[in-house]
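Have a look at the structure below, then the notes.
Since we're looking at a predicted model, the values are computed, not measured. Because only heavy atoms are used, hydrogens play no part in the values below, and waters and symmetry mates are left out as well, while side chains stay in.
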Amino acid sequence: MLNIFRQLGGALAVAVYGALITTDFLHGMRVGLTISTVLLLVMAAAALTLKRPAEVTAPMKETRP
């Protein structure tokens, strides 16, 4: 499922950035890079502030018979 979303996101990004560049190359590149920078900063902030659930971060207990 993760690969499907990754492929879809890549295809949409290529389509959107391609559409931005076709009108005016330099303006499209600036807008595309600005969008990419903002998304990078938002995702980095989310990764640093969001916490994982306790059951995922807790160490696993070994059970031996």
Side-chain angles (χ1 to χ4, degrees):
M1 195 68 171
L2 180 63
N3 287 334
I4 293 171
F5 287 119
R6 186 177 294 164
Q7 292 290 324
L8 182 63
L12 287 174
V14 168
V16 168
Y17 292 138
L20 286 172
I21 291 174
T22 57
T23 55
D24 180 21
F25 184 76
L26 289 178
H27 178 70
M29 286 297 288
R30 284 188 186 115
V31 171
L33 288 173
T34 302
I35 291 170
S36 297
T37 304
V38 168
L39 286 174
L40 174 72
L41 293 174
V42 168
M43 292 300 125
L48 292 173
T49 57
L50 296 176
K51 300 202 186 296
R52 297 180 80 179
E55 63 270 2
V56 174
T57 58
M60 294 182 62
K61 296 178 183 176
E62 284 191 36
T63 56
R64 292 191 173 176

So OG1 of Thr22 and OH of Tyr17: to nearest 0.5 Å the spacing works out to 14.5 Å
Separation between CZ (Arg30) and CD1 (Ile21), nearest 0.5 Å, reads 12.5 Å
Give me the other members of the hydrophobic cluster that Val14 sits in, counting Ile, Leu, Val, Met, Phe, Trp and Tyr linked by side-chain heavy atoms under 4.5 Å, directly or via other members.
-> none
Linking I/L/V/M/F/W/Y whenever any side-chain heavy atoms sit under 4.5 Å apart, do Leu39 and Val16 land together?
-> yes
Residues passing the side-chain contact (heavy atoms from CB on, under 4.5 Å) test with Val31, sequence neighbours excluded, are Leu20, His27, Ile35
Output for pair (Leu48 CG, Met43 CE), nearest 0.5 Å, gives 12.0 Å
Any chain of hydrophobic side-chain contacts (each under 4.5 Å) joining Met29 to Leu26?
-> yes
